[in-house]
Number of protein chains: 2
Amino acid sequence: MSTIAKALGLLDLFCDAQPRLGLSDVQRLVGRDKATVHRHLVALEQAGFLEQDAGTRAYRLGPALTRLAGMRARTVPEVEMVRSVIGGLSREAGELVHISRLQGFDLVHVHHAEEHDHPVRVSFDAFGLPPLFATASGKAYLAFSPGGLLDLALADPRTSLPGTSVPDRREIETELKQIARLGYARNRDTLRLGVSSVAIPVFDGASRAFATCSIAYPTGRGGKGTEARLARLLMQRGQDITEAMGGVVPPQILDLWTPSRERAAS
Amino acid sequence: MSTIAKALGLLDLFCDAQPRLGLSDVQRLVGRDKATVHRHLVALEQAGFLEQDAGTRAYRLGPALTRLAGMRARTVPEVEMVRSVIGGLSREAGELVHISRLQGFDLVHVHHAEEHDHPVRVSFDAFGLPPLFATASGKAYLAFSPGGLLDLALADPRTSLPGTSVPDRREIETELKQIARLGYARNRDTLRLGVSSVAIPVFDGASRAFATCSIAYPTGRGGKGTEARLARLLMQRGQDITEAMGGVVPPQILDLWTPSRERAAS
DNA sequence: GATGTTGGTTCAAATAATGAACCATGAGAT
DNA sequence: ATCTCATGGTTCATTATTTGAACCAACATC
């Protein structure tokens, strides 16, 4: 393991739960020698990636990160940022990933990634614009948005299209509450037979849901644990996706997605 | 020089002028061996600090920066971020630095830093609330804000306070244009005899000026080059200051502040 | 004042970084 | 078609940097 990797790895220790860490804290968390850790911390501090509180001598994330992140935001177009994140997610999940953005009252496709080699795959297809509550993405969006939107979605003329059963408002509201509790939405065969999916919302700079990211997979694949596994992967990347699109995940959602990242001392 | 510092130093090469660099580019810029540079780039990429374009194989700043910057923004209060930046600036400049924020039609003090050891110093003092066009800070603010504000400032009742001469609108407008061209505002003895200052605007998240940062110094100090030197220091840190307060510097101002950071190949 | 923290330093030993030489590929130029 | 130059990337013996046990000083607790 390169020293560079070791040093940079230290930055990941600074999480929401513990944003300030002293030398001993870091030493305990990574298990390396104190002298080594100290020199890494100093090197990071001199580069501006950490800064040290003059009073408590604790370290926290430094200004260089803000500077470089700003540089990236200015120079790397959103498309490429999103591509790199969902590309990685698709590789991890082994399934089709796609991102839709709200336009009017519909979620329209903006990006997708398909980096896997299963013989059976869900083919991507912009299959019309189904009503919001009929897709995992739509439900993910509704569950994390102001209440009034559901009424508008229910008033959607496509609600009564042939083949789609008229939805029950109560039932939907119950499901949306469950989604808000779980952190992700799901769909099993409801829109296209044999196709299931899980979805999470994407937030904008003001922490409002404005898009969604979903993973679609053949319902049969992988048995019972599949949905949970994919949902977990999706939620783990939730922050990266939102940030790639220039947004900020509300703290309470972040807790839902990346719980117990605490590294309590033993 | 530690390997960590060498590797992290590579990140600074990615600037607005050249956001994508190939292995050879980086190698030329830093002058180190190609193999070394390559391994550093790979290490940075694996940690997410860089990412490589699959097509061109060029490197660009990576998603980990956005993630960590977000973490910092959430966990480190603005006060401390600002303090660390202007503290450094005060050390570099050897003079009093302070930041004011617009409140109503006045710039009120929010932070200051005074880390120097000159025997003669400008003492900090919240000397009332002078009209905007009488201070370097106020002029810096006006010069980078929508035009209508000048009228409001001129209508300020304090304009006709004893001792302050009634300002000429034409004259002020000319000066504001000059400030917008130079990138910074200045004041020499106009408000307090023996005290001069230079100032720049601070921008919010929507790139609107909402505060200012200024350096105050005894007019006599350091001869003729002083103003230029301090202004240069101030503008160099302009981006850091705005970003520490959660804002974004408009690109055209950024060009003014950090020009020709290009590192052209010889 | 004994004891356990904390942040930080030292210096011989060990490991990881280094760089000259080496590939493979692609773009122009002849 | 081939020669050349540039590119990104790799190898491996040499070297220099990183490493960590022991050590120090300051502070808090018992």
Side-chain angles (χ1 to χ4, degrees), chain A residues 1-14 17-62 76 80 83-84 87 262-266, chain B residues 1-14 17-62 76 80 83-84 87 262-266:
Chain A
M1 193 184 201
S2 74
T3 45
I4 299 169
K6 276 182 266 186
L8 292 182
L10 298 183
L11 296 176
D12 289 325
L13 301 176
F14 296 81
Q18 310 185 333
R20 277 139 225 264
L21 300 171
L23 169 59
S24 299
D25 297 323
V26 177
Q27 191 270 325
R28 254 191 307 277
L29 290 170
V30 297
R32 281 192 277 276
D33 188 272
K34 191 173 51 160
T36 305
V37 168
H38 180 246
R39 290 191 24 216
H40 288 178
L41 290 174
V42 170
L44 288 170
E45 193 215 340
Q46 276 172 353
F49 284 69
L50 289 177
E51 57 186 350
Q52 192 175 27
D53 188 296
T56 67
R57 310 222 134 183
Y59 297 89
R60 56 168 180 260
L61 296 175
V76 180
E80 297 197 52
R83 255 203 338 180
S84 77
E262 306 186 32
R263 293 164 180 84
S266 61
Chain B
M1 193 185 201
S2 74
T3 44
I4 299 170
K6 277 183 264 185
L8 292 182
L10 298 184
L11 296 176
D12 289 325
L13 301 176
F14 296 81
Q18 311 186 331
R20 280 137 222 265
L21 300 171
L23 170 59
S24 299
D25 296 324
V26 177
Q27 191 271 323
R28 254 190 307 277
L29 290 169
V30 296
R32 281 191 278 275
D33 188 88
K34 190 173 53 159
T36 304
V37 169
H38 180 245
R39 290 191 23 215
H40 288 178
L41 290 174
V42 169
L44 289 169
E45 192 214 342
Q46 278 171 353
F49 285 68
L50 288 177
E51 59 186 350
Q52 192 175 28
D53 188 295
T56 67
R57 310 221 134 186
Y59 297 88
R60 57 167 180 261
L61 296 175
V76 180
E80 298 198 51
R83 254 201 341 178
S84 77
E262 307 184 32
R263 291 164 181 83
S266 62

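So you know, we letter chains A, B, ... as the sequences are listed, proteins then strands, and number each from 1. Any value given below was found using the heavy atoms of this structure, including those in side chains, with hydrogens, waters and symmetry copies removed.
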Which whole-number value in Å describes the distance from A:R32 CZ to D:dG20 C1'?
13 Å
Tell me: CG of B:L50 to P of D:dG8, nearest whole Å?
14 Å
Kindly say if A:T3 contacts the phosphate of D:dT17, meaning a side-chain N or O under 4.0 Å from OP1 or OP2.
no
Interatomic distance where CD belongs to B:Q27 and C1' belongs to D:dT7 [whole Å]:
12 Å
Closest non-hydrogen atom pair between A:L11 and A:L44, with its separation
CD2-CD1, 4.1 Å
With A:A5, which residues qualify under side chain to side chain contact (heavy atoms under 4.5 Å, CB included), at least two apart?
A:M1, A:S2
Readout for nucleotides 5-15 of chain C: B = base within 4.0 Å of protein heavy atom, S = sugar-phosphate only, - = neither; 5' to 3' it is -SBBBB-----
For A:M1 and C:dA17, what is the distance between atoms CE and C1' respectively, to the nearest whole Å?
16 Å
Whole angstrom is fine here: how far is it from NZ in B:K6 over to P in D:dA16?
12 Å
Would you please name every residue forming a side chain to side chain contact (heavy atoms under 4.5 Å, CB included) with B:A58, sequence neighbours left out?
B:R20, B:T56
With a cut-off of 6.0 Å (strictly less than), are more than 12 heavy atoms of other residues, nucleotides or ligands near CZ of B:R83?
no
Backbone N or O of B:D33 within a donor-acceptor pair of the B:Q27 side chain at under 3.5 Å?
no
When you check the phosphate oxygens OP1 and OP2 of D:dG20, does a side-chain N or O of A:T36 lie under 4.0 Å from one of them?
yes
Indicate the atoms forming the closest heavy-atom contact of A:L41 with A:Y59, along with that distance.
CD1-CE1, 3.6 Å
Provide, to the nearest angstrom, the distance between the NE2 atom belonging to B:H40 and the P atom belonging to D:dG9.
15 Å
